[in-house]
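Taking it in order: structure first as structure tokens, then the write-up.
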Amino acid sequence: MVEPPQDSKAPAESPPPPYTQFSQNRQQPGPATSGQWYWKDKRRQTIKFIYCADPSRDWNTQAWAAYLLVKCSDVPRLMREGFYWDSGNSVHEDGYIGSKIPSNIPLFRRQGEPWAFTRHYFLRDLKHPERWIATIEVYAVHLETLSHFDLSQLSPGTVRLGTAYSELGKDIYQYYYGRPQLCFNAIYDDMPMEGQWPWPRGHAEGKEGNPPMGRRWQWRRRNPNN
């Protein structure tokens with residue numbers, strides 16, 4: 001059940017409210033525009049995640065795979081503050097299911113039938129001013145998979161591949177499940193990041209698929225001039 005937002009009459013000296021307060025809210029209902037506001041936004045797609053049920057296996061061999069595409073003009077801020085979203089960020093009225101598969105997705109899976117359907121979600125940041133907007137495309141072989149799909153199935157633990165880019169399209173972040181030699185953060189090294197970032201996670205060092213966090217960030221934090 002969606003709970004009403006907390007009382008906004010807080011003392012002036014109170015710290016900023018935690019993200020959990022924002023997640024209790026949701027986007028205001030509106031007309032069904034199929035996410036036209038997202039596609040009309042001129043910002044570059046600067047964060048891209050591929051999710052699947054079992055990230056240890058190739059994503060195009062599974063029953064479903066999801067593609068998160070985020071437009072954000074300040075990715076380092078989301079690295080510092082955390083990239084948080086849940087179903088409360090979804091603009092539910094803009095969601096739809098179609099049989100057209102985007103051209104940048106391989107139509108034929110490596111095993112079995114090709115992708116046949118796509119479910120589209122559109123999300124907005126709940127903070128003001130708004131820092132990001134996003135779309136999620138979920139691909140499946142069977143329509144029933146999508147009709148029962150829930151955004152809670154997407155989490156840092158189900159990310160197969162994650163990338164982020166600068167405003168000029170340069171690579172600044174990469175995560176590849178189970179292949180630590182391919183993971184990097186060109187801005188903040190191994191600084192722990194929260195929310196939907198799959199790596200580095202300060203509380204999950206050494207777990208499979210999540211390479212152990214090194215000491216570079218701790219050293220830089222103690223020696224900010226180096």
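Side chains are part of it too, since the values below use all heavy atoms of this structure and drop only hydrogens, waters and symmetry mates.
- For the atom pair CZ of Arg160 and OG of Ser56, the computed distance is 7.5 Å after rounding to the nearest 0.5 Å.
- Remark: side-chain polar atoms of Gln153 are not paired, donor with acceptor, to backbone N or O of Ala53 under 3.5 angstrom.
- A heavy-atom distance below 4.5 Å is not found between the side chains of Thr118 and Lys100.
- Under a hydrophobic clustering in which Ile, Leu, Val, Met, Phe, Trp and Tyr are joined whenever their side-chain heavy atoms come within less than 4.5 Å, directly or via other members, Tyr165 and Tyr176 fall into different clusters.
- Shortest non-hydrogen contact noted between Asp125 and Arg131 is OD2-NE, 2.7 Å.
- Between Leu151 and Ser87, the closest heavy-atom pair is CD1-CA, 4.3 Å.
- Contacts classified as ring pair (Phe, Tyr, Trp, His ring centres under 6.0 Å) and involving residues 41-62 (residues at least two apart or in different chains) are given here: Phe49-Trp197.
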As a quick check of understanding, evaluate side chain to side chain contact (heavy atoms under 4.5 Å, CB included) for Met193 and Phe83, giving each step before the final call. CA-CA 8 Å; Met193 300 195 300; Phe83 176 33; over 6 Å; no
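- For the pair Arg124 and Trp37, the cation-pi test (distance below 6.0 Å, angle within 45°) is passed.
- In this structure, Gln62 contributes its side chain and Arg57 its backbone to a donor-acceptor pair below 3.5 Å.
- By the 4.5 Å heavy-atom criterion applied to side chains, Leu78 and Ile47 are counted as neighbours.
- Between Trp64 and Arg119 there is no side-chain heavy-atom pair separated by less than 4.5 Å.
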Could you list the donor-acceptor pairs under 3.5 angstrom formed between side-chain atoms of residues 65-75 and any protein atom two or more places apart in sequence or on another chain?
residue: Lys71; atom: NZ; partner: Tyr38; partner atom: O; Å: 2.8
residue: Lys71; atom: NZ; partner: Asp41; partner atom: O; Å: 2.8
residue: Asp74; atom: OD1; partner: Arg77; partner atom: N; Å: 3.2

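- Between the side chain of Asp94 and the backbone N or O of Thr33, at least one donor-acceptor pair lies under 3.5 Å.
- Rounding to the nearest 0.5 angstrom, the gap separating the OG1 atom in Thr46 from the CG atom in Leu168 is 12.0 Å.
- Using cut-offs of 30° and 60° on the angle between ring planes, the pair Tyr96 and His120 is parallel.
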Quick one, Asn89 with Leu126, criterion side chain to side chain contact (heavy atoms under 4.5 Å, CB included). Give me CA distance, side-chain angles, the key distance, then yes/no. CA-CA 6 Å; Asn89 295 88; Leu126 291 176; 3.4 Å; yes
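- Taken to the nearest 0.5 Å, the CD1 atom of Ile101 stands 8.5 Å off from the CZ atom of Phe117.
- Between Met191 and Pro200, every side-chain heavy-atom pair lies at or beyond the 4.5 Å cut-off.
- Heavy atoms of other residues, nucleotides or ligands lying less than 6.0 angstrom from CD of Glu144 number 12 at most.
- Closest heavy-atom contact between Pro198 and Pro156: CB-O, 3.7 Å.
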Report all side-chain donor-acceptor pairs from residues 133-140 shorter than 3.5 Å, counting only partners two or more places apart or in another chain.
residue: Thr135; atom: OG1; partner: Tyr121; partner atom: O; Å: 2.9
residue: Glu137; atom: OE1; partner: Tyr139; partner atom: OH; Å: 2.6

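- Minimum heavy-atom separation, Met79 to Asn185: SD-ND2, 3.7 Å.
- The structure places CD of Gln45 at 11.5 Å from CZ of Arg43, a figure rounded to the nearest 0.5 Å.
- Side-chain atoms of Tyr177 and Ile50, non-hydrogen and from C-beta on, never get closer than 4.5 Å to each other.
- Considering CG of Asp190 and SG of Cys183, their distance stands at 12.0 Å, rounded to 0.5 Å.
- Cluster annotation: Tyr188 and Tyr173 are assigned to the same hydrophobic cluster (Ile/Leu/Val/Met/Phe/Trp/Tyr, side-chain heavy-atom contacts under 4.5 Å, transitive).
- Here the CH2-NZ distance, from Trp132 to Lys127, works out to 11.5 Å after rounding to the nearest 0.5 Å.
- Considering only heavy atoms from C-beta on, Glu194 comes within 4.5 Å of Arg201 through its side chain.
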